[in-house]
Every structure is written in structure tokens, then in C-alpha cells.
Amino acid sequence: MAHIVIIGAGIGGMPAAYELREALAKEHRITAINATEYFQFVPSNPWMGVGWRDREEITFPIRPYLERKGIDFIAQPVTRIEAESNLLHLANGDTVDYDYLLITTGPKLAFEEVPGLGPIDGHTQSICTVDHAEHAHKDYEKFVEDPGPVVIGAVQGASCFGPAYEYAFIVDTDLRKRKIRDKVPMTYVTSEPYIGHLGLGGVGDSKGMMESELRQHHIKWITNAKVTKVEAGKMYVAEHNDKGEVTKEHELPFKYSMMLPAFKGVDAVAQVEGMCNPRGFVLVDEHQRNPKYQNIYSAGVCIAIPPVEQTPVPTGTPKTGYMIESMVTAIVQNIKEELAGKAPTHKGTWNAICLADMGDTGAAFVALPQIPPRNVNWFKKGKWVHVAKVAFEKYFMRKMKKGTSEHIFEKYMLKALGINRLKAGTDD
């Protein structure tokens, strides 16, 4: 009998638990460990940041759903991993041993890398967690009573640009609905070398389309931007040229700001000697297995993926839900093979498929593969994307409560949206 332990029960970890339980014999024990008792649907956080969702709509308790499927659940942060001994230390003093470990923790938010950044000890908001989005909404409600300049974007080293764009357009839409948009100058600040880069080197005509959208929504932008510090009501931004030289210093006043931080690996993972890169992201081979500790697998935002290209101001590479799902499936099949005495053979498909809401419309992109050159390079916008993302939220939450191990992202985004033709290499 083997004990498979999953750290992190989010968009990657919870489906992994279901898929492992279905793929492996009942004699094998599966345990999911999460820092909180609840699952949070992170893609809905931009909506929560303006009050279009509340906590109850995008969270649910994990324990009853996993235990109903015969999966053990522990709601405790992992404080230390003894990889040599196959042992986890928890915040409450307990220990958990494992035969195989799957790390799907997501990232640590590196607010400390920019003085004054963040919702706890700084002056900007975040939508990276449900707690942060709830805090952002409370601050937003105060802001709309006395509106003024808004700054939204992503700082140097950030790798998840989609939610920043989403939030900018969602705020714009909400302000228009409140009939106070004319009182709010908006600036989008990003480390990307150009609008629509997305950490992917652009997808299709993302540059032209996203620039057009920002213009139409009267949102100014600064690219190749490094945020040097944030003070109460003021952000200091150094704008760079293509050579990485500072060309202009900006002092941006704001009454409300949401800036996505750079990511790092969580402490317990980053501290394991030889397992991670300098940023604390888990190193994995083509089978999602750590080269040094070969009974440790990892998937999602917490793995090390090099940037698509070097940029004047550092940008990271995003990991989308479709890609994470592919990684998880490969890991499940590889563990199954190892338990049968075979070498792992399955590989994740690093393709990027994303729905980005823009308040009352939206943009969808497909990059197959994620790193250029690509077989498919597709970017479209329309109201159908907004509708599709709302529907996907309900679909994913329902599937997680049901305990399904089916490929949710693939089934919904490729089949329900009718873009299977993209997998065949056409963009008709």
C-alpha cells in the first residue's frame, strides 16, 4: 500500500485528489493537505474585488466533498518538508509521512520585493486570494464614495497578467454602471514590454486588440515599468526602453490601486535543498517529477518554467488552468505506472487556453504550444467570452462538489466553446 499526499487543494490539487482516487486501487491511501478548510475559485477574484461576487459564491468547505470520495483531508499549513525522510511537518505540530508527494501549493506572494506594495503592510490592493479580494472590495466601496485616480497593473517579476487586465476593465465597467467613470482617471502599469504581451510574447493580435480596448475605455498605460516604491496615495514607476535603460520616472497619484505582485515558492517548499530554483519554484522533468527527489511531483503555479523570452523589465510565464490540468493528469498516470513497477511515461501538454473577462465583454486566447513558435496562435474578443467565463465558474464549482475526475478545462473550453478545431491547427 502506498500513501500519496497532495499539498494544496486548489484548482490543481483538488482535481488531482479526485483523479488519483479514481485511477488507483482502493488499497492506496490519498491525503490532501491545505492551509485552509475551504476551496476558493481564484479566477472569480476580479469580480469579488468590485462586489460582483461574495465569499459564499466562490468558496466551499473541502472536507465533506473529499471524504465522501474516500480521500483524507487535513486543514493545516505545511511548515517543513523532510524530503530525504518522506516526512511533512504541520503547523499544529503533527507530522505526515508519504510514499509519493504531489506539490500544488500555488505561489507565495512577494509583496516585500517592492516597498509599500500589498494590502497588509502596504498601500495597494490584491486579488490573488479570496481574502485579498474581499479586502480590495471593502477599500473599493470607500473609494467610490470619494473617487479619484486609479492605478492597476502588475509589477516587475509578475507572471500572471490576465487578472490585472481583467480587473482594470471590470473596474471600468463598474464605474460606468455607477455613473462616476468620468471622475476616475485610470492608468495601467505593467512590466510587460508591450500591452498584450501577457508573459507569452503576445498571442495572435493581442497587442493591437488590447491597446485598442484600453484606448476605447480611456485607460492610459505604462509598459516596461518597474515599480520602485509605493507610498500612501502615490506610486513611483521607472519606465525603461528596450535596452533596459530608465527613460522616464513617473509619480502616479492614486486613490485606489490594485497591483499584482511577483510570485515565489512557498517557504516550506523553497527551503528544501536542491528541489527548487532560486525563486523557490519546484524543478520538474518532462514527467513533472523532481530530478533530485523522484517520488516528488509538482504541478501548477509552483513549478519552475523559464520566461518565454528575456524582457527589459523581468516578466514571468503564466500557468493557465488548462495547462495545470494536463500536468495533473500526467502525474496521476505516472504514479500509477510507478506503483505497477514501471517507469513514468506521461508528459504534460504545456498549452495555454484562457478566458479573460472584461466587465461586459471578454477576450479568449489559445497558444498551442505556449512557448513560440506555435501551431496555433489565436486571440478573439466578444461578449460571448464574458458569458462563457460566468458559465465556467458555475461549471467548475459544480464539478468540484460532485467529485469528478474528468478533464474539466478540456471538456469545457475545447468542446463547449467549440474550438476543438484549434487543436487540429486551424483558426477558422
Side-chain angles (χ1 to χ4, degrees), residues 3-24 28-45 55-81 88-92 94-109 128-133 263 265-269 282 288 296-303 319-321 323-332 335 393 395-409:
H3 185 199
I4 300 95
V5 175
I6 306 162
I7 308 177
I11 286 178
M14 200 159 180
Y18 289 140
E19 197 163 343
L20 281 164
R21 183 68 289 162
E22 186 170 303
L24 304 183
H28 301 298
R29 182 182 169 199
I30 300 169
T31 300
I33 302 175
N34 196 57
T36 66
E37 286 274 2
Y38 57 85
F39 171 89
Q40 54 182 300
F41 188 64
V42 174
S44 294
N45 286 350
R55 178 181 287 266
E56 288 69 31
E57 292 177 287
I58 62 173
T59 65
F60 61 81
I62 295 171
R63 187 178 305 279
Y65 298 103
L66 289 187
E67 291 185 346
R68 187 175 64 191
K69 291 290 184 177
I71 301 165
D72 295 332
F73 177 66
I74 300 172
Q76 283 290 319
V78 174
T79 58
R80 187 157 59 96
I81 301 172
L88 305 177
H89 293 260
L90 309 183
N92 64 358
D94 290 347
T95 59
V96 178
D97 59 6
Y98 62 85
D99 295 295
Y100 292 93
L101 180 64
L102 171 50
I103 301 173
T104 58
T105 57
K108 177 181 179 180
L109 308 175
C128 294
T129 70
V130 68
D131 288 339
H132 287 173
F263 293 165
V266 300
D267 291 342
V269 174
V282 181
Q288 302 298 135
I296 296 180
Y297 288 85
S298 189
V301 180
C302 58
I303 72 165
K319 294 101 173 179
T320 64
M323 182 194 302
I324 294 170
E325 181 176 78
S326 174
M327 295 179 197
V328 164
T329 296
I331 291 168
V332 169
I335 290 176
E393 172 196 59
Y395 179 77
F396 191 95
M397 296 280 281
R398 185 170 67 249
K399 291 297 184 180
M400 285 299 94
K401 291 179 180 179
K402 184 179 178 181
T404 181
S405 65
E406 68 182 18
H407 294 170
I408 299 172
F409 282 90

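Counting from 1, the numbers follow the sequence of the chain as shown.
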Q. Could you give the distance from CD1 (I324) to OG1 (T329), rounded to the nearest 0.5 Å?
A. 12.0 Å

Q: Could you tell me which residues satisfy side-chain contact (heavy atoms from CB on, under 4.5 Å) with R398, sequence neighbours excluded, listed by chain and number?
A: Y395

Q | Check: I335 and Y297 side chains under 4.5 Å, non-hydrogen atoms | A | yes

Q) Where the side chain of K319 meets the backbone of I303, is there a donor-acceptor pair that is under 3.5 Å apart? A) yes

**Q.** Heavy-atom pair with the smallest gap, counting every atom of F39 and M400
**A.** CZ-CG, 4.3 Å

Q. Hey, mind stepping through Y98 and I81 against side chain to side chain contact (heavy atoms under 4.5 Å, CB included) and telling me if it holds?
A. CA-CA 11 Å; Y98 62 85; I81 301 172; 4.2 Å; yes

(Q) Which residues pass the side chain to side chain donor-acceptor pair (under 3.5 Å) test with T31, not counting sequence neighbours? (A) H3

Q | Check: Q40/T129 side-chain N/O donor and acceptor closer than 3.5 Å | A | no

Q | With H28 via side chain to side chain donor-acceptor pair (under 3.5 Å) - residues at least two apart | A | none

Q | Spacing of NZ belonging to K108 relative to CG belonging to D267, to within rounding of 0.5 Å | A | 4.0 Å

Q) Who are the side-chain contact (heavy atoms from CB on, under 4.5 Å) partners of T36, not counting sequence neighbours? A) N34, Y38

Q) What residues, two or more places apart in sequence or in another chain, satisfy salt bridge (Lys or Arg N to Asp or Glu O under 4.0 Å) together with R21? A) none

Q. Is there side-chain contact between L101 and I7, with at least one heavy-atom pair below 4.5 Å?
A. yes

(Q) Checking V130 against R55 for the side chain to side chain contact (heavy atoms under 4.5 Å, CB included) test, could you report, in this order, the C-alpha distance in whole Å, the side-chain angles of both residues, the deciding distance, and whether it holds? (A) CA-CA 7 Å; V130 68; R55 178 181 287 266; 3.7 Å; yes

Q) Rounded to the nearest 0.5 Å, how far does CZ of R63 lie from CG of D72? A) 9.5 Å

Q.
Please enumerate all residues that pass salt bridge (Lys or Arg N to Asp or Glu O under 4.0 Å) together with E393, with sequence neighbours excluded.
A. R53

Q: Identify the two heavy atoms, one from L102 and one from A16, that lie closest to each other, and give their separation to 0.1 Å.
A: CD2-CB, 3.6 Å

Q. Is the backbone of H89 close enough, under 3.5 Å, to the side chain of T79 for a donor and an acceptor to pair up by distance?
A. yes

**Q.** Pairing residues for F396 by the ring-ring contact (aromatic ring centres under 6.0 Å, His included) criterion, not counting sequence neighbours
**A.** F41, F392, F409

Q: Taking the side chain as every heavy atom from C-beta outward, state whether E325 and P15 have any pair of such atoms under 4.5 Å apart.
A: no

Q.
Between I6 and L20, does the side chain to side chain contact (heavy atoms under 4.5 Å, CB included) criterion hold? Intermediate values first, please.
A. CA-CA 10 Å; I6 306 162; L20 281 164; 3.8 Å; yes

Q. With a 4.5 Å heavy-atom cut-off, do I58 and N45 have their side chains touching?
A. yes

(Q) Testing the basics here: between I296 and I103, what is the closest heavy-atom pair and its distance to 0.1 Å? (A) CG2-CD1, 3.8 Å

Q. Of the non-hydrogen atoms in G106 and V301, which two are nearest, and what is the gap between them?
A. CA-CB, 4.3 Å

Q: Taking salt bridge (Lys or Arg N to Asp or Glu O under 4.0 Å) as the test, write out the residues that go with R68, two or more places apart.
A: none

Q) With distance as the sole test, does R80 use its side chain to make a donor-acceptor pair with the main-chain N or O of L90 at under 3.5 Å? A) no

Q) Could you go step by step and tell me if Q288 and S298 meet the side chain to side chain donor-acceptor pair (under 3.5 Å) rule? A) CA-CA 6 Å; Q288 302 298 135; S298 189; over 6 Å; no

Q) Among all residues two or more places apart in sequence or in another chain, which pass the side-chain contact (heavy atoms from CB on, under 4.5 Å) test with K69? A) Y18, I71

Q.
My understanding is that only residues two or more places apart in sequence, or in another chain, count here; which of them pass salt bridge (Lys or Arg N to Asp or Glu O under 4.0 Å) with E22?
A. none

Q. Does M14 reach the side chain of I62, with side-chain heavy atoms less than 4.5 Å apart?
A. yes

(Q) Does V5 form a side chain to side chain contact (heavy atoms under 4.5 Å, CB included) with I33? I'd like the steps, not just the answer. (A) CA-CA 7 Å; V5 175; I33 302 175; 3.7 Å; yes

Q. ring-ring contact (aromatic ring centres under 6.0 Å, His included) with H132: which residues, sequence neighbours excluded?
A. F111

**Q.** For A299, all residues meeting side-chain contact (heavy atoms from CB on, under 4.5 Å), sequence neighbours excluded
**A.** T104, M327, V328, I331

